[in-house]
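Please read all numbers here as calculations on a predicted model, not as lab measurements.
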Amino acid sequence: MTEQPKYREIAEALREAILNGEYGPGDRLPGENPLAAQYGVAAMTARQALRELKAEGLVESRKGAGFFVLERFTPIRRRSVARLSRQHWGTGRSLFAADDSRALTTDSHVLGAVTPPAEIAEVLGLPQGEQAFARSRRHVVDGRPVLVSTSYLSETLVTGTPITQTDTGPGGIYARLADLGAGPSRFREEVAVRMPSADERASLGITADTPVIKISRTAYAEDGRAVEVNEMTLDSRAYVLEYDFDA
């Protein structure tokens with residue numbers, strides 16, 4: 001049997017110590033130099049072990065201070081197909097209710113008329129110079145920010161409707177679009193992973209080296225027009241993306 005790399009042996013020992021409670025949330029792990037001395041390896045090898053634990057979401061690094069154990073968080077299982085079913089939001093349930101049973105706190109802000117990014121204006125079919133209506137949200141679960149998003153819609157379509165209010169009512173934006181005869185009949189999502197911007201780091205409370213998941217979702221009405229574009233940023237450590245559909 002091939003002997004596993006030394007850094008994995010160190011990571012495995014530290015992982016076990018974290019999981020059995022020897023190191024609790026907020027505790028500082030031994031630094032790379034003490035670990036290197038303990039295991040008889042180079043400091044770089046010990047650093048690689050610590051970075052492996054960080055990649056797994058068990059610890060975080062703080063500049064100049066070392067590696068600290070993170071509060072354990074059960075990832076949200078984002079049921080990417082079921083949550084967008086008309087049978088779900090059409091009955092007044094929130095999309096998040098399809099993902100997780102935990103209480104969700106949502107900070108919603110009506111941004112009003114804004115100049116959308118050019119690519120979003122094009123998708124929504126807005127004439128040059130026409131503004132979109134936008135609203136933003138931040139989702140917090142177990143006291144932890146997990147998602148920030150901004151929805152863009154045609155201002156002409158939604159002016160004077162509950163969509164422009166802070167609370168859009170049961171079923172959210174999609175149910176209100178259905179009330180207008182523009183309910184979604186098809187969705188398209190694009191998923192990408194990248195490092196966070198400064199604003200995203202602040203909103204999600206994450207470090208610069210924590211990847212985020214970017215999801216851009218477009219909702220299409222029965223007549224084929226795009227009625228909403230939702231730009232979402234997810235803390236990658238807080239989510240599992242699940243796709244369950246018939247063959």
Side-chain angles (χ1 to χ4, degrees), residues 76 78-100 102-141 145-191 197 199-200 202-204 212-234:
I76 299 160
R78 186 179 188 273
R79 295 179 168 86
S80 305
V81 176
R83 69 199 312 272
L84 294 175
S85 166
R86 184 184 292 269
Q87 294 176 337
H88 182 77
W89 51 261
T91 57
R93 288 176 287 178
S94 71
L95 300 190
F96 182 83
D99 302 332
D100 202 289
R102 283 172 285 184
L104 171 70
T105 300
T106 301
D107 301 326
S108 295
H109 299 280
V110 174
L111 304 179
V114 302
T115 300
E119 62 273 17
I120 291 178
E122 182 178 357
V123 171
L124 290 174
L126 301 180
Q128 186 173 4
E130 183 172 319
Q131 292 186 305
F133 177 83
R135 52 185 306 127
S136 67
R137 309 173 197 82
R138 185 176 74 148
H139 288 177
V140 179
V141 177
V146 295
L147 174 150
V148 290
S149 70
T150 301
S151 288
Y152 299 89
L153 306 97
S154 165
E155 187 182 20
T156 302
L157 175 64
V158 304
T159 294
T161 74
I163 292 174
T164 63
Q165 304 302 310
T166 301
D167 183 359
T168 56
I173 287 176
Y174 297 147
R176 303 292 75 76
L177 285 171
D179 294 342
L180 297 173
S185 65
R186 179 172 67 90
F187 295 95
R188 181 175 185 269
E189 286 193 343
E190 294 183 354
V191 181
S197 67
D199 286 344
E200 290 164 343
S203 296
L204 293 172
V212 291
I213 303 170
K214 292 290 298 184
I215 301 178
S216 179
R217 180 175 65 236
T218 304
Y220 296 90
E222 189 69 43
D223 59 10
R225 62 180 160 148
V227 289
E228 184 224 25
V229 176
N230 191 352
E231 296 282 296
M232 294 162 273
T233 304
L234 290 64

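- Rounding to the nearest 0.5 Å places CD1 of Ile215 at 5.5 Å from CE of Met232.
- Atom CG of Leu204 is separated from atom CG of Leu147 by 7.5 Å, given to the nearest 0.5 angstrom.
- Between the Ser85 side chain and the Gln87 main chain, a donor and an acceptor come within less than 3.5 Å of each other.
- Under a 3.5 Å cut-off, the side chain of Glu200 and the backbone N or O of Ser197 do form a donor-acceptor pair.
- You'll find the side chain of Arg135 stays beyond 4.5 Å of the side chain of Leu111, heavy atoms only.
- Although no hydrogens or angles enter the test, the distance criterion places no donor-acceptor pair under 3.5 Å between the side chain of His88 and the main chain of Gly171.
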Apply the test side-chain contact (heavy atoms from CB on, under 4.5 Å) to residues Phe96 and Thr106: give CA-CA distance (whole Å), side-chain angles for both, the deciding distance (0.1 Å), then the verdict.
-> CA-CA 11 Å; Phe96 182 83; Thr106 301; over 6 Å; no

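- Between Arg225 and Ala182, the shortest heavy-atom contact is NH2-CB, 3.7 Å.
- Looking only at side-chain heavy atoms (C-beta outward), Glu130 and Thr156 come within less than 4.5 Å of each other.
- Between the side chains of Tyr174 and Glu228, a donor-acceptor pair is found at a separation under 3.5 Å.
- For Asn230 against Ser151, the heavy-atom pair with the smallest separation is CG-OG, 3.5 Å.
- Side-chain contact between Asp167 and Ser108 is absent, with no heavy-atom pair separated by less than 4.5 Å.
- A salt bridge links Arg78 and Glu189; the closest N-O separation between the charged side-chain nitrogens and carboxylate oxygens is under 4.0 Å.
- In this structure the side chain of Leu177 reaches within 4.5 angstrom of the side chain of Leu157, judged on heavy atoms.
- Rounding to the nearest 0.5 angstrom, the gap separating the CD1 atom in Ile76 from the CZ atom in Arg102 is 5.5 Å.
- In terms of heavy atoms, Pro116 sits closest to Ala121 at CG-CB, 3.8 Å.
- Put simply, CD on Glu190 and CZ on Arg217 are 13.0 Å apart, with the number rounded to the nearest 0.5 Å.
- By the 4.5 Å heavy-atom criterion applied to side chains, Thr159 and Phe133 are not counted as neighbours.
- For the pair Glu119/Val229, no side-chain contact is recorded, criterion being any heavy-atom separation below 4.5 Å from C-beta on.
- No more than 12 heavy atoms of other residues, nucleotides or ligands lie within 6.0 Å of CZ in Arg188, so this atom counts as exposed by the packing criterion.
- With contacts defined as side-chain heavy-atom distances shorter than 4.5 Å, the pair Leu153/Leu124 does not qualify.
- Considering only heavy atoms from C-beta on, Pro170 comes within 4.5 Å of Arg176 through its side chain.
- Separation of atoms CG (Leu234) and NZ (Lys214) is listed at 9.0 Å; rounding is to 0.5 Å.
- Ser149 and Arg137 are linked by a side-chain donor-acceptor pair at a separation below 3.5 angstrom, with hydrogens and angles left out of the test.
- The only member of Arg79, Arg93, Arg83 that meets salt bridge (charged side-chain N to carboxylate O under 4.0 Å, His left out) when paired with Asp99 is Arg83.
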